Amino acid sequence: MVKFALQFKASLENITRLRPLGDDFRWFLKLKCGNCGEVPDKLQYITLMDSTPLKGGRGSASMVQKCKLCSRENSIDILRPSLQSYNAEDSETFKTIVEFECRGLEPVDFQPQAGFAAEGADTRTPFNEINLQEKDWTDYDEKAKESVGIYEVTHQFKKC
């Protein structure tokens, strides 16, 4: 069992508390089999709502899958206590926003999509429909009368 931290980095403009919204937030990942090294072409997603029992009564995980190449059963679980928001002071630095507990899998890519939320840095104006699939997002904060944005989204995985 190995833990991997997803570290997020972006340039924030007049925005703070960027975070995944709700237990149904979809973490789109590419996962590599630790046994044979197979990396499927498709992204797979996991959510906090998903719970699949592990063989042998060893608990549960967000996703359990069999490798298509070597048939080994692998699992990945989202560690709820590790979830953190990305704040204005974190702008342009890598920060861990979630950790995954992996058995036989290693996350190798992350594709941010819809489902993020944030707030205006000074006004706390809520922005609840943020889609980061294009790696950039912009809007306008009516209260502050200024543009808000998230730019140059990137990530890395670190072994914990």
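Just so it is clear, the model here is predicted, and its values are computed rather than measured.
K95 is linked by a side-chain hydrogen bond (donor to acceptor under 3.5 Å, both in side chains) to D90, counting only residues two or more places apart in sequence or in another chain.
Both L31 and I46 belong to a common hydrophobic cluster when Ile, Leu, Val, Met, Phe, Trp and Tyr are linked at side-chain heavy-atom distances under 4.5 angstrom. A continuous path of ILVMFWY side-chain contacts below 4.5 Å connects V148 to V153, so both sit in one hydrophobic cluster. F127 and L18 fall within a single hydrophobic cluster, where Ile, Leu, Val, Met, Phe, Trp and Tyr are joined by side-chain heavy atoms under 4.5 Å apart, directly or via other members. One hydrophobic cluster, built from ILVMFWY side chains closer than 4.5 Å, holds both L83 and F110. Clustering ILVMFWY residues whenever any of their side-chain heavy atoms sit less than 4.5 angstrom apart, transitively, puts V98 in the very cluster that holds L48.
In this structure, G115 and F25 approach most closely via the heavy-atom pair O-CD1, 3.3 Å. Taking every heavy atom of both residues into account, C70 and N35 meet most closely at SG-ND2, 3.3 Å. Annotation for D50 and S62: closest pair CB-O, 3.2 Å, computed over non-hydrogen atoms. Scanning all heavy atoms of the two residues, the minimum distance from G120 to T16 falls at O-CG2, 4.2 Å. Counting all heavy atoms, side chain and backbone alike, I15 lies closest to A121 at N-CB, 3.7 Å.
Atom NZ of K55 is separated from atom OG1 of T52 by 13.5 Å, given to the nearest 0.5 angstrom. Between the CG atom in N131 and the CD atom in E129 there is a gap of 9.5 Å [rounded to 0.5 Å]. Interatomic distance, CD of Q7 versus CD1 of I97, reported as 10.0 Å (0.5 Å rounding). How far CD1 of I76 is from CG of N74: 10.0 Å, rounded to the nearest 0.5 Å. For the atom pair NZ of K32 and SG of C102, the computed distance is 12.0 Å after rounding to the nearest 0.5 Å. One distance of note links SG of C36 with CZ of R72; it measures 9.5 Å at 0.5 Å rounding.
Atom CD of Q156 is surrounded by more than 12 heavy atoms from other residues, nucleotides or ligands within 6.0 Å. No more than 12 heavy atoms of other residues, nucleotides or ligands shown are found within 6.0 angstrom of CD on E134.
With hydrogens and angles disregarded, no donor-acceptor distance shorter than 3.5 Å links the side chain of N87 to the backbone of E89. Between the S91 side chain and the A88 main chain, no donor and acceptor come within less than 3.5 Å of each other. Looking at S85, its side chain never comes within 3.5 Å of a backbone N or O of R17 through a donor-acceptor pair. A donor-acceptor contact shorter than 3.5 Å links the side chain of T47 to the backbone of M49. Using modelled atom types, one side-chain atom of Y86 and one backbone atom of A10 make a donor-acceptor pair closer than 3.5 Å. A donor-acceptor pair is defined here as one N or O able to donate and one able to accept, closer than 3.5 Å; no such pair exists between the side chain of H155 and the backbone of K9. At least one donor-acceptor pair closer than 3.5 Å links the side chain of K30 to the backbone N or O of D41.
With no hydrogens or angles considered, a side-chain donor-acceptor pair links T125 and D141 at under 3.5 Å. No hydrogens or angles considered: a donor-acceptor pair under 3.5 Å links the side chains of E13 and S147. Judged purely by distance below 3.5 Å, without hydrogens or angles, the side chains of S51 and S60 pair a donor atom with an acceptor atom. Side-chain contact annotation: E152 with S11, donor-acceptor N/O pair under 3.5 Å absent.
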**Asked** When you look at W137 and Y151, which way does the ring pair (Phe, Tyr, Trp, His ring centres under 6.0 Å) test go after all the steps?
**Response** CA-CA 7 Å; W137 170 86; Y151 310 101; 8.9 Å; no
**Item:** Full working for side-chain contact (heavy atoms from CB on, under 4.5 Å) between C160 and E99
**Value:** CA-CA 8 Å; C160 301; E99 290 178 5; 3.8 Å; yes
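Using the six-membered ring where Trp is involved, F157 and F100 have ring planes that are tilted, between 30° and 60° apart. Aromatic ring orientation, F8 versus F116: tilted (interplanar angle from 30° to 60°). The aromatic rings of F28 and Y45 are tilted relative to each other, their planes meeting at an angle between 30° and 60°.
Using a 4.5 Å heavy-atom cutoff, the side chains of E106 and V2 are not in contact. Within the 4.5 Å cutoff, side-chain heavy atoms of L105 are placed close to those of Q65. Contact check for L29 versus L43: no side-chain heavy atoms found under the 4.5 Å cut-off. Side-chain atoms of R26 and Q111, non-hydrogen and from C-beta on, never get closer than 4.5 Å to each other. At a threshold of 4.5 Å between non-hydrogen side-chain atoms, the residues K158 and F94 do not count as touching.
A salt bridge is absent between K66 and E73; no separation between the charged side-chain nitrogens and carboxylate oxygens falls under 4.0 Å. With salt bridges taken as basic N to acidic carboxylate O contacts below 4.0 Å, one links R80 and D23. Under a 4.0 Å N-O distance rule, the pair E101/K3 does not qualify as a salt bridge.
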